[in-house]
Amino acid sequence: MKTNKLCIVLYLLLGACVEDIDIENKWEQKIVVNCTLDTSSVQILKLTYSNPLGVHYYDEVETATVSLYEDSSMLGHFTKTAYAHWELKYRPRAGKSYQLKVEVPEHKEIRASTTMPFPLQISKANGNDSGTRKHLNQKMANSPYWLFILRQKKSEQYPMNLTPQVSASDELENQLGTNHPFSDHFNISDPAESFIKQPFDMYIRIETPEEKAETPHDFYIEGRLSKCLLFCRAASPEYDRYLKSSIQKILVYEASEDPSQWFDENEVYSNIENGLGIFAAYSDHILMYDDDWGI
Amino acid sequence: MKERFYYTILLVICSLATIGQEHISISGIVLESDTKKAIPSCNVIVRNGQTRLKTGTISQGDGTFLIHIKKSPGETVDLQISHINYQNKSIQLSADKDQQVKIYLKHKDYALSNVNVYSDHLPENRGNVFSFSPEQAKSSISIAGEPDVIRHLSGLPGVAQGIEGTLGLFVRGSNNGSNRVEFNGVPFYSYSHLVGLFSAFPSEVIKQSTFRPGGIPAQSGDLSSSILQITKKKAKADSLKGKISLSPYLVGAYLAFPLKKEKVSLQLSTRHSILPYILNGIADLNEDEDVEEEQMKAQVMDFTAILDWQVNQHNSIDLMLYASNDYFDFKDESNQNKLNWGSKVAKLAWECQLSPVLEWRTKSYFSHSYSARESIYFNEYRSDHHPESQLKLGTKLNEWCVNSELQYDFTDRLKMTTGLNYQNRAFHPASEKTLYEQNSHSKSSPDLKVGLLAAYANFRYHIPQKMELMAGYRHTIQSGDNSSKVSNFDLRFLADIYLHKKMGIELTFDKLTQYYHVLEGLPTGWSLNVLIPSSDLHPEEVTKQLYAGFFLKEQQKDINFQLTLGAYYRKMKNLLSYKNSINLFGLNDATWEDEVDVGKGYSYGVELSGSLQAKKLGATMAYTLSKSDRKFKEINQGKSYPFKFDRRHILNLQTKYTVAEKINKKNQKVKQFVNAVLAFSTGHKTTLPVSSYQGVLPPYWNQRANGWTLPIEADNNAYHRQEMTARNAYKMKDYFRIDLAYTFVKYRKKSKRELSISIFNVLNRKNPYLYFYDEERWQQLSIVPIMPSVRWSLSF
């Protein structure tokens with residue numbers, strides 16, 4: 001915990017005073033669009049309204065026309081299938097640009113765009129792998145990408161299906177490490193609580209400089225990796241910025257009662273014109289490890 | 001008409017007769033020994049054998065004088081100079097040829113003598129120069145009750161203060177870290193005590209402070225906003241002087257004494273805050289109450305030693321040692337948090353009068369500045385409570401410098417100063433992580449070494465009451481780690497043109513370059529900032545500024561009045577800012593580079609200042625109307641936004657009224673006076689959350705491992721998003737404060753006692769430090785409520 005008791009003491013020392021105030025309410029209701037395209041055959045979109053600060057139940061947008069375009073050609077309309085839940089059957093293609101248009105009566109037209117990233121070319125590499133360290137080879141990475149691990153707890157049977165499948169009982173690994181030269185240190189965690197020398201909180205962000213994107217890199221990751229799925233998620237610039245800024249915001253509140261949180265001015269990235277939310281894309285490449293079966 | 005003609009003929013004949021008697025001329029200039037400023041209105045007399053007055057005159061506005069005396073081969077005469085504010089001086093001259101002399105007078109010691117100063121601005125103040133003594137700085141009532149020359153700046157035009165009550169000073173829309181603060185010719189990068197509430201310079205060793213937001217001479221470089229030059233007091237080398245002061249915040253002692261009479265003097269000053277001892281006492285009490293493992297330690301101190309050696313009439317040497325330290329430490333069973341900042345400085349300077357018109361000055365200093373926040377985590381499962389890891393954040397700067405300059409007086413009006421300056425710096429910015437038991441994996445940022453060489457020339461042409469022109473050029477070359485060789489030039493220009501004896505116009509232009517950046521974690525002026533050198537990635541800050549103004553001085557009987565009015569436009573580039581300062585303050589980033597963006601700034605405004613000085617009443621006023629914006633590629637979606645301290649209106653009023661000045665029954669002189677300060681400014685800007693909306697969870701967030709819990713606020717921010725206002729789009733409540741002080745001074749034969757009772761923020765107005773949303777409601781934090789203080793001092 002990073003509770004900054006020292007700050008509290010200093011404030012008390014100065015006779016600091018905290019009092020309730022009324023501040024001018026600048027809130028106005030806006031339409032919130034959340035849609036992250038992926039490589040599955042059905043794309044999902046959430047359409048809600050924003051609320052006053054601190055109200056966390058969101059009204060759905062009941063009537064809207066939501067259209068998806070690929071390189072400016074219309075692909076189709078999303079259909080509302082559940083509360084605030086809209087779907088479109090379509091599998092985006094790598095390298096293509098997508099535009100989203102949302103028309104809601106009595107509101108300005110909402111627009112956003114993104115690009116589907118190419119899948120990462122990362123593979124298992126030869127090395128002295130152990131249950132806590134796995135070696136990898138990055139052949140090419142044209143976009144920023146994210147690494148995270150789902151530790152598989154279920155089934156001692158030989159995996160019949162070698163296609164990685166996520167189970168509800170899988171657990172997101174808390175801390176993982178890497179020696180990748182282009183890892184982003186923004187979420188490095190407290191090393192005292194881990195066997196990893198330089199642990200990252202749950203996710204590792206890697207952004208290879210453009211000039212080195214096509215240069216192969218050997219690196220390793222660390223964690224409890226004896227039986228897991230390693231996700232290598234190629235991100236569109238919008239997804240990358242959204243995810244990083246979201247995690248940064250979460251990290252500010254990682255410690256309880258830390259007065260430095262009062263200075264929080266972090267804004268989570270949004271690319272929705274005339275609204276809020278995110279329209280982005282990612283592409284997963286999953287590597288499976290099971291030391292028991294030598295996979 | 002005829003009468004005038006005869007008169008002229010008579011004068012010519014008399015003049016010819018005088019020339020026929022073979023006269024010599026004694027001409028020269030009278031200057032202040034410390035500042036080298038000309039002293040007008042000195043009595044200059046020439047005596048033969050200390051008895052017979054030969055002739056005399058008064059020095060002119062530019063300090064010059066000219067006397068003709070009869071040539072007397074083989075004889076000497078005494079040239080005696082006196083002035084009410086300066087120590088008398090006498091020199092022997094040969095009377096057989098023309099003489100040109102330069103006379104330096106030492107200031108009489110105001111702080112320890114019976115002199116009262118009413119005014120807050122000296123008569124020479126114009127729109128870009130403000131000079132004040134520590135005595136005058138008292139008119140700005142400080143939290144600590146001490147004269148505070150840094151806090152006094154907040155009452156000057158063009159200066160916006162930072163967050164409530166702190167010493168952050170934002171001059172003409174620039175960053176706090178763009179100001180240069182020099183004490184005795186040495187730049188200080190860390191100069192505040194107690195989280196930025198008061199400055200680390202003791203008033204006892206200060207003679208004068210001069211603040212320039214523009215028209216800055218070329219001798220001063222490596223800054224991009226303003227300069228505050230604090231000059232040291234020169235102790236009398238013939239007697240013992242001292243001072244003791246006590247207040248709830250600081251206890252100070254000052255001693256000045258001769259080491260060799262008339263030649264060498266030493267000043268020692270030290271100040272300690274007693275607040276930490278109170279804190280330590282509270283911590284001790286807690287221990288008694290079985291609050292195990294919680295410990296609090298704190299220290300606030302500064303120490304200054306200055307040695308002045310008047311080697312002979314032409315040579316003087318000064319040596320300074322300075323140290324300040326603020327240290328706060330809180331420890332419990334699981335971790336330890338420390339805050340620490342301060343400076344250590346050693347300086348040696350030599351001044352040499354090579355001829356009446358040529359002076360050589362050289363100095364060298366070493367300074368070590370540091371600020372750090374350190375967190376140590378303990379292994380709770382080990383019985384010896386061994387530290388398992390360490391995390392540091394902050395900066396360290398080691399700098400040594402050699403400076404050598406020549407001042408040559410072409411004429412009494414035209415002077416040139418030229419010099420070379422070399423600075424060698426080693427910056428150690430950013431965070432550091434260490435695992436005590438895995439040292440091979442420790443990570444530490446390397447030192448960034450930079451060399452900075454500057455050559456400069458500054459010309460000054462001055463005709464008193466008519467004009468003052470200043471033009472300066474400074475060329476700088478930097479090379480070092482992470483930086484290609486960079487070469488830049490600065491230009492400085494100032495013109496004061498008198499339209500009339502009492503009024504004139506002032507024009508200035510400055511191109512300023514700063515070769516380091518200050519990353520402010522919290523914009524408070526608190527020294528807990530990160531200093532980094534300019535580099536290819538973060539180029540040097542450059543400011544261009546234009547100022548045009550008008551000044552007026554009026555003197556009638558016992559009343560002095562002056563007014564300045566001017567407008568400025570300032571353009572800043574290569575400014576550095578955290579994208580979100582909280583990310584670094586909260587120790588979430590391992591490297592500062594990740595959170596830094598390079599951008600631009602613009603600022604313009606109108607400044608008005610006035611001062612009134614009467615026999616019993618002194619009052620000053622400063623008003624600023626200004627606007628300041630920033631533009632960064634990765635902040636506010638690349639759109640221009642208001643600077644955090646873009647305060648539209650700033651008004652400061654200060655008054656000092658002498659209630660009584662009399663001789664009491666014990667035949668002791670007694671003085672009583674009151675001070676009042678009014679400070680108003682538009683509220684500073686902030687970014688606030690305005691609404692909540694649904695977010696997209698980070699991947700597989702709901703499948704986090706059992707037992708890996710986060711506080712509810714963190715989890716909320718995974719599921720929900722906060723819509724924020726545009727950057728700095730919210731204006732906080734206006735700042736308003738009234739301070740009052742009463743001072744009683746009693747003079748004894750050899751000592752002076754002073755008792756000051758001051759109340760900072762007498763209305764107990766809760767000015768906003770920040771707004772925050774917590775527990776489903778908006779709250780305001782104020783850190784400086786009504787703060788009474790008592791200060792007692794004894795000077796001898």
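Residue numbering restarts at 1 for every chain, and letters A, B, ... go by the order of the sequence lines. All values reported here derive from a predicted model rather than from experimental measurement.
Proximity to chain A is absent for every atom of D715(B), based on heavy atoms less than 4.5 angstrom apart. Heavy-atom distances place no part of Y719(B) under 4.5 Å from chain A, backbone and side chain included. Looking at L697(B), there are no atoms closer than 4.5 Å to chain A (heavy atoms on both sides), in backbone or side chain.
Shown here are the ring pair (Phe, Tyr, Trp, His ring centres under 6.0 Å) partners of Y203(A), two or more places apart in sequence or in another chain: F148(A).
Note that CZ of R777(B) is 14.0 Å distant from CD1 of I23(A), once rounded to the nearest 0.5 Å. Between S270(A) atom OG and Y693(B) atom OH the span is 5.0 Å, to the nearest 0.5 Å. To the nearest 0.5 Å, atom CG of residue N266(A) and atom CG of residue N717(B) are 9.5 Å apart. Residue Q780(B) holds its CD atom at 5.0 Å from CD1 of I21(A), rounded to the nearest 0.5 Å.
Put simply, of P689(B), A729(B), S691(B), the one with the most heavy-atom pairs under 4.5 Å next to chain A is S691(B). Of the listed residues (Q779(B), M724(B), H720(B)), the greatest number of heavy-atom pairs within a distance under 4.5 Å of chain A belongs to H720(B). Comparing A718(B), P699(B), P698(B) by how many heavy-atom pairs each has under 4.5 Å with chain A, the most go to P699(B). Top candidate by heavy-atom pairs under 4.5 Å with chain A, chosen from E776(B), Q637(B), Q703(B), is Q703(B). Of the listed residues L243(A), I247(A), L150(A), V55(A), the one with more heavy-atom pairs under 4.5 angstrom with chain B than any other is L150(A). Counting heavy-atom pairs under 4.5 Å between each of V268(A), D22(A), T36(A) and chain B puts V268(A) at the top. Heavy-atom pairs under 4.5 Å with chain B were tallied for Y269(A), Y58(A), Y49(A); the largest tally goes to Y58(A).
Annotation: side chain of S692(B) is in contact with side chain of L53(A) (closest heavy-atom distance under 4.5 Å). Here the side chains of Y578(B) and E265(A) are not in contact, with every heavy-atom distance at 4.5 Å or above. Inter-residue side-chain proximity for L229(A) and Y700(B) is flagged as unmet; no heavy-atom pair is nearer than 4.5 Å. Between R721(B) and L276(A), the closest side-chain pair of non-hydrogen atoms is not below 4.5 Å. Inter-residue side-chain proximity for E267(A) and T687(B) is flagged as unmet; no heavy-atom pair is nearer than 4.5 Å.
Under a 4.0 Å N-O distance rule, the pair E723(B)/K30(A) qualifies as a salt bridge.
Summarising the geometry of V18(A) relative to F772(B), their closest heavy-atom pair is CG1-CZ, 3.7 Å, with the distance given to 0.1 Å.
The stretch residues 278-286 of chain A places I278(A) near chain B, each with some heavy atom under 4.5 Å from a heavy atom of that chain.
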